[in-house]
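What's counted below: heavy atoms across the whole structure, side chains too, no hydrogens, waters or symmetry copies. Please read all numbers here as calculations on a predicted model, not as lab measurements.
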Amino acid sequence: MISMRFQFVFLIASMLSATVANAAEIPSIAKSPAGGQLILNGKPYLILGGELGNSSAGTAEQADTILPRIAQMHVNTVLMPVAWEQIEPTEGNFDFSILDHWIDVARQQHLHLVVLWFGSWKNSVSSYAPAWVKQDTKRFPRAISADPSQLEILSTLGEETLKSDSQAFFTLMRHIREKDQDQQTILMVQVENEVGYLGRGRDRSDAANRLFARPVPIELIQKLQSARDSFSPELRAHFNPSGTTWSAVFGDAANEVFMAWNYARYIQEVATQGKRAYPLPMYVNCQLPAPAERAGEYPSGGPHPYYLAVYRVTAPALDFFSPDIYWPNFEYWIDRYRFNGNAVFVPEARLEAAPYNAFYAYGEAGAFGFSPFAIESAPITPDEHDAGPNLASVYALLSSFSDILPALQAAGSTRAIVLHSNSPRPTQTVSLGGYLFQAALSRSWPAKALLEEDGALIILHTAANEFYIAGSGLTVSFYRDPDVDAKISGITSVEEVARSNGAWTTIRRLNGDQTDQGRQLSLAPHQVQAYRVVLYSTDQH
Ligand code: DGJ
């Protein structure tokens with residue numbers, strides 16, 4: 001009898017391993033101290049992305065007009081919402097027909113998709129929950145404000161809410177596995193959207209008040225203690241592990257950390273159930289605080305950098321954490337997500353600034369993906385808008401060397417600069433491969449002038465003294481880095497180049513006026529272009 005049971009278990013185990021061996025490798029995140037990469041079919045995959053506006057993926061037909069247009073922009077991955085109310089309009093009855101059509105059209109257009117699970121929360125509020133959830137406030141309790149009144153925000157402490165959201169998400173992921181695991185059109189999934197409590201302090205429901213009156217769980221304190229090395233300055237300033245109450249342990253951040261812990265616990269369970277069905281990479285996105293905003297004015301307890309360690313220790317089912325960057329200081333916010341082992345991915349960003357910020361994301365922040373919001377409204381051709389380079393041409397350029405970019409990112413062989421015409425900083429300098437690259441928004445030829453548009457560039461260090469520089473609107477001067485040695489340096493050659501099918505070709509060799517008599521590289525404004533620059537350094541005698 002025992003041996004028959006053993007044989008049966010063995011048979012099931014070998015059937016399972018055969019299924020796994022036959023299935024295509026599931027996309028995954030490869031983490032490294034420098035960040036991380038998305039691995040697709042065994043190779044790093046660079047997402048040149050765009051997120052759809054909120055009302056652009058609610059019908060199947062919208063896919064037919066929107067996706068072919070986006071495909072012309074050299075976007076390779078579209079981030080699309082899938083709403084809980086759309087897939088489970090009545091409890092227990094699921095309808096994936098809209099999503100299935102989007103997947104079919106995405107395949108025809110050679111696009112990948114990232115699914116955004118608008119479940120219990122979207123921008124803090126529970127507007128995408130089905131009517132049967134919204135209407136039953138007893139079974140699916142709401143967060144309560146300080147007034148006190150019921151908010152249209154589901155409480156993180158509703159047990160039935162967690163069960164129903166997790167079940168819906170599990171069913172969605174199981175459907176995606178059945179439809180897509182062989183083709184892998186869908187690369188990753190965002191769990192909920194910009195969560196956090198809106199209102200003063202925290203949820204004041206009875207359940208939340210009871211939990212807040214209890215000591216901080218010792219397990220949370222211990223896990224945070226062991227993650228101390230990766231604390232943000234904000235958490236470091238507040239954390240007192242010898243306290244017991246939330247206020248004693250987290251000071252005046254108590255309400256916010258309490259909410260972060262509750263959202264993280266909830267999302268951990270939803271993500272875990274989803275991964276049980278199909279373990280695609282999963283992440284959360286964050287509405288970032290504005291300067292001087294108080295928690296609750298921005299979503300309190302969201303996965304923003306201040307108290308992100310709480311998410312990291314509470315929600316290990318999440319593969320990485322992402323910022324939605326609409327604020328002008330893009331560089332500051334993306335850099336705050338470059339902590340040890342976090343794969344950098346920007347799911348939402350301001351579309352108008354995207355042609356510049358894309359360079360920073362890939363070149364300086366080591367991002368494996370960048371995705372401006374409302375991508376369907378971006379112009380396809382440069383002449384649809386007069387100012388600046390457009391995103392389609394930036395993505396065309398970046399995709400021409402996306403085969404070599406991930407390895408260069410991982411080796412620390414890329415840098416980037418973005419300069420804004422209204423910025424008080426007229427130049428910026430970065431160091432790479434033994435040289436300093438100083439960029440300015442100025443022109444020395446045909447006339448000395450300051451450009452009025454922004455400018456951006458990415459630098460790839462491909463061999464000793466050899467660099468590819470791509471971008472728009474900046475003038476670059478080169479110096480030997482005095483921290484490397486005391487040599488003098490100069491330009492050996494500058495060529496305008498293009499890359500296709502894995503090979504560079506030279507379009508023009510630049511010299512004389514076009515390099516300010518061998519002194520500088522000028523990146524034309526309004527368009528994007530790549531150049532190969534070879535520098536030399538030699539001893540001074
Ligand atoms: C951030 C949200 O995550 C998006 O779904 C969308 O509402 C944008 N804000 C709109 O600006």
S.K.: Any chance the side chains of Asn285 and Ser322 put a donor and an acceptor closer than 3.5 Å?
M.R.: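 No, no side-chain donor-acceptor pair sits under 3.5 Å.
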S.K.: Can you establish whether the number of heavy atoms outside Arg228 located under 6.0 Å from its atom CZ is more than 12?
M.R.: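 Counting other residues, nucleotides and ligands, CZ of Arg228 exceeds 12 neighbours.
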S.K.: Just so I know, are the side chains of Tyr326 and Phe373 near enough to count as touching, which here means a heavy-atom distance under 4.5 Å?
M.R.: yes
S.K.: Would you check if there is a donor-acceptor pair between the side chains of His112 and Asn76 at a distance under 3.5 Å?
M.R.: no
S.K.: So, taking the atom named CG in Leu67 and the one named CG in Leu52, what distance separates them when rounded to the nearest 0.5 Å?
M.R.: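 Those atoms lie 7.0 Å apart.
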S.K.: Can you tell if the side chain of Phe368 reaches within under 4.5 Å of the side chain of Ile39, non-hydrogen atoms only?
M.R.: no
S.K.: Counting distance only, does the side-chain N/O of Thr429 pair as donor-acceptor with the main-chain N or O of Gln438 below 3.5 Å?
M.R.: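 Not a single qualifying donor-acceptor pair exists.
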S.K.: Looking at Arg519 and Asp516, would you say the former's side chain and the latter's main chain have a donor-acceptor pair under 3.5 Å?
M.R.: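 A pair under 3.5 Å: yes.
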S.K.: Answer with yes or no after comparing the ring centroid distance for Tyr311 and Trp261 against a 6.0 Å cut-off, counting only values under it.
M.R.: no
S.K.: Once you round to the nearest 0.5 Å, how far does CZ of Phe370 lie from CZ of Phe359?
M.R.: 10.5 Å
S.K.: Given 3.5 Å as the limit, does a donor-acceptor pair link the side chain of Trp117 with the main chain of Val82, or not?
M.R.: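 Here the side-chain-to-backbone pair does not exist.
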S.K.: Looking only at side chains, do Asp335 and Tyr360 share a donor and an acceptor under 3.5 Å apart?
M.R.: yes
S.K.: Evaluate Tyr266 against Ser120 for side chain to side chain donor-acceptor pair (under 3.5 Å), listing each step before the verdict.
M.R.: CA-CA 10 Å; Tyr266 190 105; Ser120 293; 2.7 Å; yes
S.K.: Side-chain contact, heavy-atom cut-off 4.5 Å: Tyr356 with Pro389?
M.R.: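 The answer is yes, as the side chains (C-beta and beyond) meet within the 4.5 Å cut-off.
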S.K.: I'd like to know if Arg508 and Glu495 make a salt bridge, using a cut-off of under 4.0 Å between side-chain N and carboxylate O.
M.R.: no
S.K.: Would you say that Val114 contacts Val189 through its side chain, given a criterion of any heavy-atom pair below 4.5 Å between the two side chains?
M.R.: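 Not touching, per the 4.5 Å side-chain cut-off.
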S.K.: In Å, rounded to the nearest 0.5 Å, how long is the span from CD1 of Ile469 to CD1 of Ile417?
M.R.: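 Between atom CD1 of Ile469 and atom CD1 of Ile417 there are 9.0 Å.
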S.K.: Side chain of Asp454, backbone of Ser421: donor and acceptor closer than 3.5 Å?
M.R.: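 Indeed, once roles are kept as given, a pair shorter than 3.5 Å links the two residues.
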S.K.: Side chains of Tyr362 and Gln409: any donor to acceptor distance under 3.5 Å?
M.R.: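 No.
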S.K.: Has Ser371 got a side-chain atom pairing as donor or acceptor with Pro347's backbone, closer than 3.5 angstrom?
M.R.: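 Yes, Ser371 side chain to Pro347 backbone: donor-acceptor pair under 3.5 Å.
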S.K.: Taking the side chain as C-beta and beyond, is there a heavy-atom pair between Phe478 and Ile491 under 4.5 Å?
M.R.: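 Of all side-chain heavy-atom pairs linking Ile491 with Phe478, at least one is under 4.5 Å.
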S.K.: Would you give the length of the straight line joining atom CG of Asp229 to atom CZ of Phe339, rounded to the nearest 0.5 angstrom?
M.R.: 14.0 Å
S.K.: Mind telling me whether Phe437 and Tyr435 have parallel, tilted or perpendicular rings, with 30° and 60° as the class edges?
M.R.: perpendicular
S.K.: Would you give the length of the straight line joining atom CG of Asn193 to atom CD of Glu348, rounded to the nearest 0.5 angstrom?
M.R.: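 These two atoms lie 6.0 Å from each other.
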S.K.: Are the side chains of Phe320 and Val344 in contact, using a 4.5 Å heavy-atom criterion?
M.R.: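 No - every pair of side-chain heavy atoms lies 4.5 Å or more apart.
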S.K.: Charged N to carboxylate O below 4.0 Å: is that the case for Lys122 and Glu85?
M.R.: no
S.K.: In the structure I gave you, are the side-chain heavy atoms of Phe345 and Phe321 within less than 4.5 Å of one another anywhere?
M.R.: no
S.K.: Does any donor atom in the side chain of Tyr468 or Arg532 lie under 3.5 Å from an acceptor atom in the other side chain?
M.R.: yes
S.K.: Answer with yes or no whether the side chains of Glu256 and His304 bring together a donor and an acceptor at under 3.5 Å.
M.R.: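 Yes, Glu256 and His304 have a side-chain donor paired with an acceptor closer than 3.5 Å.
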S.K.: Checking Gln190 against Tyr283: is there a side-chain donor and acceptor pair closer than 3.5 Å?
M.R.: yes
S.K.: Counting heavy atoms not belonging to Arg200, are there more than 12 under 6.0 Å from its CZ?
M.R.: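 At most 12 heavy atoms, drawn from other residues, nucleotides or ligands, come within 6.0 Å of this atom.
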S.K.: Quick one: do Glu234 and Arg336 satisfy salt bridge (charged side-chain N to carboxylate O under 4.0 Å, His left out)? Show the steps, please.
M.R.: CA-CA 12 Å; Glu234 293 84 0; Arg336 290 219 54 175; 2.9 Å; yes
S.K.: Ion pair present between Asp403 and Arg499, side-chain N to carboxylate O less than 4.0 angstrom?
M.R.: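 Arg499 and Asp403: salt-bridged.
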S.K.: Tell me, do Leu198 and Pro299 make a side-chain contact under 4.5 Å, heavy atoms counted?
M.R.: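 Counting from C-beta outward, Leu198 and Pro299 do come under 4.5 Å.
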S.K.: Between the main-chain N or O of Ala530 and the side-chain N or O of Glu496, is there a donor-acceptor pair closer than 3.5 Å?
M.R.: no
S.K.: Can you tell me how far CG of Leu521 sits from OG1 of Thr515, rounded to the nearest 0.5 angstrom?
M.R.: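 Thr515 OG1 to Leu521 CG: 9.0 Å, rounded to 0.5 Å.
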S.K.: Establish, from distance only, whether the side-chain atoms of Gln62 and Ser56 form a donor-acceptor pair under 3.5 Å.
M.R.: no
S.K.: Test your reading of the model: is there a side-chain donor-acceptor pair from Gln540 to the backbone of Ala486, 3.5 Å cut-off?
M.R.: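 Present.
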S.K.: Judged by atom type as modelled, is there a donor-acceptor pair below 3.5 Å linking the side chain of Ser399 to the main-chain atoms of Ser402?
M.R.: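 Not at all, since once roles are kept as given, no pair shorter than 3.5 Å links the two residues.
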S.K.: Please find out if less than 6.0 Å separates the ring center of Phe467 from that of His461.
M.R.: yes
